[in-house]
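Residue numbering restarts at 1 for every chain, and letters A, B, ... go by the order of the sequence lines.
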Amino acid sequence: MNDTVPDEVLIARIAARDQAAMKALYLRHQTRTYRFLRRLVKSAELAEDLTGDVFLDVWRQAGQYEARSSVSTWLLSIARFKALSSFRRKAPETFDPETAEEIADESDTPEISLQKVSKAKALRLCIERLSREHREVIDLVYYHEKKIDEISIILGVPENTVKTRMFYARKRLSEILREAGLDRGWP
Amino acid sequence: MAMSARDDEKMDEIELLLPWRATGALSAEETRRVDAALAADAELRRKYDLVQEEMAESVLAAEEFGAPSTRARDRLFAAIEAEAGPQVAQPSARGWRARALDFFGSLTPGAIAWSAATAALVIVLQGAVLTRSLVTSSGTFHTASAPESRDGSFALVAFAPDATAQQIGEFLAARGASIVDGPKPGGLYRVKISATRLDSDALKAAVATLAARREIVRMAVASE
């Protein structure tokens, strides 16, 4: 299928049960969706499973798509919902979405020693040490290049919250870097 | 000169926007404001350098995740295949929906991109555009496209922005209508609403029936 066919047309075709359109949409968006999920859930295997779940939802619900946001924004919204649901399934008795968003995730993240890695690598490692909430907003802005209103839709928060959350994510990133011995002089 | 509280507030707002300036995701007006502030403030430029550094490493970090395996793809499409069942040719089922979808697929990217880009503007300007530019004195539309078959009766239709593809498809199918051309400037589609030439009153009635479904149809007018 022509890779210049717009996403919205592919969705319309998928709503009509066109598997070729489904394959085209999957090929176009699988990597970004998977990487967003990897950022959230960390496990490669779980991210793969959730990526499949996202696109299975698209197959089933393409007819419900409303062009209020771009298809890629819609996909990331579904992906985020899938990730949050997986957290709840994992620890149904202890999961608290409020605190879970605030706590920096330091599990399976190696200690950062600036003697061993470059500044660039240190920055990448420090992104991994941010809380899930901060990781996702940084990913949506820098990697997915989403606009403020699009991120507002994906996260379900007001646009001003998107801006301040990004600011605090960046601030926290600088703090983690400083703790690792790399002072950027900000904030 | 000391900065006022208002200047501080403005600067804070500019600083919040720096990440989106780096990715080119601001409006033209916001970009202009941020660029003006950057040009005037060395400290802000230093902060912007940090933003660009973060952006570069965030992209690299995401790319390090690679891509999902073919196993994931195979499993997904096995599930889809199981849900869809065997695909058999059903000529009789290639009605309005398939034709409409074929039509959408045949559009040039430029035409579709143009339509998408103007969609929001069209909603605002709809009344003015329709009354001043497209509707002739006789109350019908003239289009610049090559004439299609003259058989049948047609309407120019703009669908509601909230209407889903499925809703539109079902709506048209229920009336035996089909999209034959579009989107035209203004997000308008030429829709065949009858296989026969309706007289003026019947055509008006048919168009009014379409327009009555406001959750699906933003506007509809008879077309020659």
Applying a strict 4.5 Å limit to non-hydrogen atoms, the region of B:R73 in contact with chain A is both

Heavy-atom distance under 4.5 Å to chain B: side chain of A:F55, backbone, both or neither?
both

Taking every heavy-atom pair that is under 4.5 Å apart, which of A:P187, A:G185, A:A47 has the most such pairs with chain B?
A:G185

Is the side chain of B:S194 donor-acceptor paired with the backbone N or O of B:G152 at a distance under 3.5 Å, no angle test?
no

Leading residue by heavy atom contact count with chain B [cutoff under 4.5 Å; candidates A:I11, A:T164, A:D49, A:T33]:
A:D49

Let me know if A:L173 has heavy atoms under 4.5 Å from chain B in its side chain, its backbone, both or neither.
side chain

Greatest number of non-hydrogen atom pairs under 4.5 angstrom with chain A, of B:A67, B:A61, B:P68, falls to B:P68

Would you say the side-chain atoms of A:T51 and A:Q30 include a donor-acceptor pair closer than 3.5 Å?
no

Salt bridge (Lys or Arg N to Asp or Glu O under 4.0 Å) with A:R124: of B:E53, B:E63, B:E57, only one passes, and it is B:E57

Segment of A:L56 engaging chain B (4.5 angstrom heavy-atom cut-off)
both

Whatever's closer than 4.5 Å to a heavy atom in chain A on B:L17 counts as side chain

Quick check for you: among A:R35, A:E66, A:R68, A:R38, which has the greatest number of heavy-atom pairs under 4.5 Å with chain B?
A:R35

Answer with side chain, backbone, both or neither: which region of A:I151 has an atom nearer than 4.5 Å to a non-hydrogen atom of chain B?
side chain

Is B:R213 reaching over with its side chain to a backbone N or O of B:T209, donor-acceptor style, under 3.5 angstrom?
no

Residue part contacting chain A, namely of B:S27, when any heavy atom lies under 4.5 Å
neither

Take atom CZ in A:F81; do more than 12 heavy atoms of anything else shown fall under 6.0 Å from it?
no

Which residue out of A:E48, A:R39, A:K147 racks up the most heavy-atom pairs below 4.5 Å with chain B?
A:E48

Looking at A:R184, is its backbone amide N or carbonyl O close enough to the side chain of A:R178 to form a donor-acceptor pair, meaning the two atoms are under 3.5 Å apart?
no

At a heavy-atom distance under 4.5 Å, which candidate from A:R60, A:K146, A:E8 has the highest pair count against chain B?
A:R60

Largest heavy-atom contact set with chain A, pairs under 4.5 Å, which of B:K47, B:E54, B:M55, B:E64:
B:E54

A:E45 atom CD, over 12 foreign heavy atoms within 6.0 Å:
no

Show your working on salt bridge (charged side-chain N to carboxylate O under 4.0 Å, His left out) between B:R33 and B:E30 and close with a plain yes or no.
CA-CA 5 Å; B:R33 280 171 46 218; B:E30 288 170 328; 5.1 Å; no

Would you indicate whether the side-chain heavy atoms of A:L155 and A:E133 approach each other to under 4.5 Å?
no

Are there over 12 heavy-atom neighbours, none belonging to A:Y168, within less than 6.0 Å of that residue's OH?
no

Quick one: what part of A:V162 sits under 4.5 Å from any heavy atom of chain B, side chain, backbone, both or neither?
both

